[in-house]
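Reading through the structure tokens given below for one structure.
A, B, ... follow the sequence lines: proteins, then strands. Residue 1 opens every chain.
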2 protein chains.
Amino acid sequence: MYLRMFKVITGEWERLWSTMARAADRLDAIREAHSLQSQSKNTDRMEDYLEVIYELIKKKGYATTVDISKHLSVSSPSVTKMLQKLDESGHLNYEKYRGIVLTEKGSEVAEGMHDKHNLLVEFLRMIGVKEEIANRDAEGIEHHLHPETLKKLTDFVRTAKKVRPR
Amino acid sequence: MYLRMFKVITGEWERLWSTMARAADRLDAIREAHSLQSQSKNTDRMEDYLEVIYELIKKKGYATTVDISKHLSVSSPSVTKMLQKLDESGHLNYEKYRGIVLTEKGSEVAEGMHDKHNLLVEFLRMIGVKEEIANRDAEGIEHHLHPETLKKLTDFVRTAKKVRPR
DNA sequence: TTTTAAGTTTAGCCCAAGCTAACAAACATA
DNA sequence: TATGTTTGTTAGCTTGGGCTAAACTTAAAA
Ligand SMILES: [Mn+2]
Ligand SMILES: [Mn+2]
Ligand SMILES: [Mn+2]
Ligand SMILES: [Mn+2]
């Protein structure tokens with residue numbers, strides 16, 4: 001089997017053998033993970049936009065194109081395009097030049113992101129990660145939490161808070 | 001669940017509490033997070049391919065196009081294209097129809113992913129997440145860990161294991 | 001009320017990463 | 001050695017999410 005086969009023959013058999021079982025498990029795990037990507041879900045980016053829009057509305061009562069663009073570090077045309085997409089998908093009602101209103105569907109997604117972000121930062125701070133880095137990592141991780149993981153992490157953080165020293 | 005494990009984190013509480021007020025401005029935190037995306041980095045997808053290639057080579061001594069495609073649930077042309085890209089970026093040496101060898105650079109990235117994945121699954125299992133879900137989430141989260149977070153989480157898991165090993 | 005400035009959208013492009021169909025190389029077997 | 005099968009690559013298209021430049025709306029100033 002090609003040139004690599006010779007590597008097996010002449011290679012380090014001990015190392016190969018000792019990690020055989022574990023490597024196999026890992027590959028299965030990875031395949032499982034990559035195959036089970038839930039279909040027809042919101043993209044990470046949609047979630048990011050919804051999260052920012054939600055926070056802006058909470059803070060000022062409305063969310064403008066420029067404000068959104070600043071908080072996501074993207075151009076305003078990118079924001080407009082995403083707003084059209086989120087309107088199309090029913091996450092918000094968008095009237096051009098006029099404004100945005102989150103729908104029930106959009107609010108639910110946004111609140112979900114808010115809560116996950118919160119939880120993650122809280123946990124990361126607990127184990128000693130600095131605020132800024134905690135926020136940066138949370139911004140990425142928040143899109144990859146299975147409901148069960150969310151629940152278990154929530155339980156963990158809540159229990160840990162109970163043992164907070166005076 | 002690890003009953004005494006909570007003690008581990010209690011030392012961090014003072015610091016966490018003192019920054020709660022600052023944590024309130026969620027919008028600033030989000031802007032900061034999105035603006036600090038380091039340029040010229042490997043994409044998540046590159047990391048996924050490298051991880052799988054690394055595991056396959058560890059297991060069988062070589063990694064074929066078809067095997068990679070199966071473990072990532074993508075078509076073989078997609079794999080070929082990424083192999084060309086990873087060759088171009090110096091992560092591996094690729095000779096078409098012949099085979100792949102990870103370079104030092106590629107191995108480092110791949111081992112990093114392997115370790116992060118490991119760590120994450122270990123942590124998630126600790127707080128009670130089922131193996132399959134732990135693997136799925138780890139597959140997404142592994143790409144979003146700042147070095148400091150990695151270190152702190154490693155410390156946490158190690159300490160927690162000492163508190164109640166096995 | 002006209003003019004200007006600020007904000008927003010459209011047009012048209014780019015890039016990563018995916019796909020299918022067609023083609024080519026390598027290997028196995030008669 | 002000739003030939004069919006398996007595996008891998010190329011060609012060309014699609015989609016999501018970026019971008020800049022140009023056009024358009026709205027709001028503010030003159
Ligand atoms: Mn995010
Ligand atoms: Mn967030
Ligand atoms: Mn991954
Ligand atoms: Mn992984």
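With C/dA25, C/dA21, C/dT9 as the candidates, the nucleotide lying closest to the side chain of B/Y97 is C/dA25. For B/R98, counting side-chain heavy atoms from C-beta on, the closest listed nucleotide (D/dT9, C/dA26, D/dC19) is C/dA26. Distance from the side chain of A/V66 is smallest for C/dT8 among the nucleotides C/dT8, D/dG16, C/dA17. Distances from the side chain of A/K85 to the nucleotides D/dG17, C/dC19, D/dC19 place D/dG17 closest.
Between the side chain of B/K81 and the base of C/dG18, a donor-acceptor pair under 3.5 Å is found.
Hydrophobic clustering, with ILVMFWY side chains joined whenever heavy atoms are under 4.5 angstrom apart, groups B/L27 together with A/V74. Residues B/M46 and B/L83 share a single hydrophobic cluster, defined by chaining ILVMFWY side chains whose heavy atoms lie under 4.5 Å apart.
As rounded to whole Å, 15 Å separates atom P of D/dT7 from atom CG of B/L56. For the pair B/K96 NZ and D/dT10 C1', the interatomic distance rounds to 8 Å; values are reported in whole Å. Per the geometry, OH belonging to A/Y49 stands 14 Å off P belonging to D/dG16, to the nearest Å. Taking atom CD on A/Q84 and atom P on D/dG16, their separation rounds to 14 Å, with Å as the unit. Taking atom CD1 of residue A/I68 and atom C1' of nucleotide C/dG7, one finds them 13 Å apart after rounding to whole Å. In this entry the distance linking CG of B/L83 with P of C/dG18 reads 12 Å, nearest Å. In this structure, CG of B/N42 is placed 13 Å from P of C/dA16, rounded to the nearest angstrom. Taking atom CG of residue A/L72 and atom C1' of nucleotide D/dG17, one finds them 12 Å apart after rounding to whole Å.
Salt-bridge check for B/D67 with B/K70: failed, with every basic side-chain N at 4.0 Å or more from each acidic carboxylate O. Using a 4.0 Å cut-off between a side-chain N of Lys or Arg and a carboxylate O of Asp or Glu, B/D155 and B/R158 qualify as a salt bridge.
Bending across the helix from C/dT1-D/dA30 to C/dA30-D/dT1, expressed as the angle between its end axes from five pairs apiece, amounts to 10° (10° rounding).
Between A/T43 and D/dG17 there is a side-chain N or O to OP1 or OP2 distance below 4.0 Å. The phosphate of C/dT8 (OP1 or OP2) has no side-chain N or O of A/T80 nearer than 4.0 angstrom. The phosphate of C/dC19 (OP1 or OP2) has a side-chain N or O of B/S78 nearer than 4.0 angstrom.
Of all non-hydrogen atoms in B/V157 and B/L119, the two that sit nearest each other are CG2-CD1, 3.9 Å.
Across all strands, A/T65 comes closer than 4.0 Å only to sugar-phosphate atoms, never to a base (heavy-atom distances).
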Do any side-chain atoms of residues 140-149 of chain A form donor-acceptor pairs under 3.5 angstrom with protein atoms, and if so which ones, sequence neighbours left out?
residue, atom, partner, partner atom, Å
A/E142, OE1, A/H117, ND1, 3.1
A/H143, ND1, A/E47, OE1, 2.6
A/H143, NE2, A/D48, OD1, 3.0
A/H143, NE2, A/E139, O, 3.1
A/H146, ND1, A/E148, N, 2.9
A/E148, OE1, B/K130, NZ, 2.8
A/E148, OE2, B/K130, N, 2.9
A/T149, OG1, B/D137, OD2, 2.4

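Proximity of a side-chain donor or acceptor of A/T103 to a complementary backbone N or O of A/G90 within less than 3.5 Å is detected.
With A/F123 as reference, A/L153 is the one residue of A/T154, A/L153, A/V129 to meet the side chain to side chain contact (heavy atoms under 4.5 Å, CB included) rule.
The nearest heavy atom of DNA chain D to A/P77 and to B/D67 marks one nucleotide each, and the one closer to the 5' end goes with B/D67.
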